[in-house]
Structures are given as structure tokens and as C-alpha cells.
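Before any comments, here is the structure.
What's counted below: heavy atoms across the whole structure, side chains too, no hydrogens, waters or symmetry copies.
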Amino acid sequence: MSKFFCMDESNSQLIQYIPVVLLGIVAVGFSVGTLVISVLVGKRSRRSRIKDTAYECGMLPVGEGSTRLSVKFYLVAMLFILFDIEVVFLYPWAVNFRPMLSEDPGLILGSMICFMAILFIGYLYALKKDAFDWKH
């Protein structure tokens, strides 16, 4: 009897994954179906060089399609990621601050002060490297 109980318990846990499997089947079916329908319904026309050129507001495309970006662009992107991740770490800490404060207030406050100090060091480094100077 206990042997069957274990099988029922494992089957009940596997049954919980049925919606996930169905969602995966629907996602794959939708993507494959969309591709098949677009091939079947789409018009087949002759390709020519004029049809395959990029359309630039009626003008012929001249020059390279991609331009080189300044390193400053990537620096700004990295700073955005840095300060965006800061919010990701600060928000759960702020939401759970009171319950954590009753458990161990020194450890909680000390860890946040350490986190803010490391973040401030990163901010000072960005200031030193003129990362916030938008003119260059």
C-alpha cells in the first residue's frame, strides 16, 4: 500500500508541470505555424538588385551602414547598468528592513553601509575618469 502511495505522490508532483509543458508546446507550435503560414501565404516574386537594396527615404544609400560609436557610449551604458543593479539590490532590502531589523540590526545596517561604500567608490571612480562629462 505504501508503494502505491509513493507513486501517487510522485505523479501528483509531475502533474503540476503539465501547464508548463502545454505552454512550451503552444509556444513552439505558434512559432512554427507562423513561419509555415508566412511561406505558404506570402507572394513569391523575382528578386532583383534594386528590390534588395536598402530604402533610405528615397535616396540611394551611400557609405557604411554601421558607424563606430564612441567609447563614451559604452561607458554610459555600463554606468546605467551599475546604478540600475543598485536599485535591484536596494529595493528588497528596503521592503524587508523592519523584519530584518528585529533579527540582527548591526549586521543588516553594516552590510548595507558596506554596499553603499562600494557603490560610492565606483561613483568616485566614474567622476575621476570624467564619465559624467557629456561634452567629450
Side-chain angles (χ1 to χ4, degrees):
M1 185 75 166
S2 65
K3 183 178 178 182
F4 292 115
F5 179 76
C6 289
M7 282 181 49
D8 291 337
E9 186 178 317
S10 65
N11 286 340
S12 69
Q13 289 178 353
L14 290 176
I15 288 173
Q16 294 177 358
Y17 287 103
I18 289 177
V20 176
V21 172
L22 287 176
L23 181 64
I25 291 170
V26 168
V28 170
F30 178 77
S31 60
V32 170
T34 304
L35 289 172
V36 168
I37 289 173
S38 70
V39 168
L40 294 176
V41 175
K43 291 183 178 180
R44 300 203 182 250
S45 63
R46 286 191 235 157
R47 297 179 71 114
S48 67
R49 183 174 176 195
I50 293 176
K51 282 189 177 183
D52 287 340
T53 58
Y55 180 71
E56 293 285 334
C57 302
M59 300 296 289
L60 291 175
V62 178
E64 282 189 37
S66 62
T67 58
R68 296 191 67 175
L69 295 175
S70 171
V71 174
K72 207 57 126 165
F73 173 80
Y74 298 106
L75 187 61
V76 170
M78 292 302 287
L79 286 172
F80 173 76
I81 290 171
L82 172 76
F83 291 113
D84 194 40
I85 290 174
E86 170 204 1
V87 172
V88 169
F89 283 115
L90 281 177
Y91 185 74
W93 181 81
V95 169
N96 295 320
F97 180 70
R98 284 187 193 228
M100 290 187 308
L101 193 60
S102 63
E103 293 175 13
D104 194 2
L107 180 66
I108 301 303
L109 188 61
S111 64
M112 189 47 63
I113 288 174
C114 180
F115 175 72
M116 294 300 284
I118 291 170
L119 190 69
F120 187 67
I121 290 170
Y123 177 74
L124 291 177
Y125 179 77
L127 278 177
K128 182 181 175 187
K129 293 293 183 179
D130 290 332
F132 300 116
D133 186 17
W134 306 114
K135 295 177 185 171
H136 294 114

With sequence neighbours excluded, tell me which residues meet side-chain contact (heavy atoms from CB on, under 4.5 Å) with I18. I15, L22
Give me the one residue out of L101, I108, L107 that meets side chain to side chain contact (heavy atoms under 4.5 Å, CB included) with P105. L101
Same cluster or not: Y125 versus L119, using hydrophobic residues (I, L, V, M, F, W, Y) connected whenever any side-chain heavy atoms lie under 4.5 Å apart? no
Identify each donor-acceptor pair in which a side-chain atom of residues 82-96 lies under 3.5 Å from a protein atom, sequence neighbours left out, and give them as a table.
| from | atom 1 | to | atom 2 | distance (Å) |
| --- | --- | --- | --- | --- |
| N96 | ND2 | P92 | O | 3.4 |

ILVMFWY network linking I25 to I37, side-chain heavy atoms under 4.5 angstrom: no
Can you list everything that forms a side-chain contact (heavy atoms from CB on, under 4.5 Å) with V32? Sequence neighbours excluded, please. V28, V36
Is there a path from L127 to L79 through hydrophobic residues (I, L, V, M, F, W, Y) whose side chains come within less than 4.5 Å of each other? yes
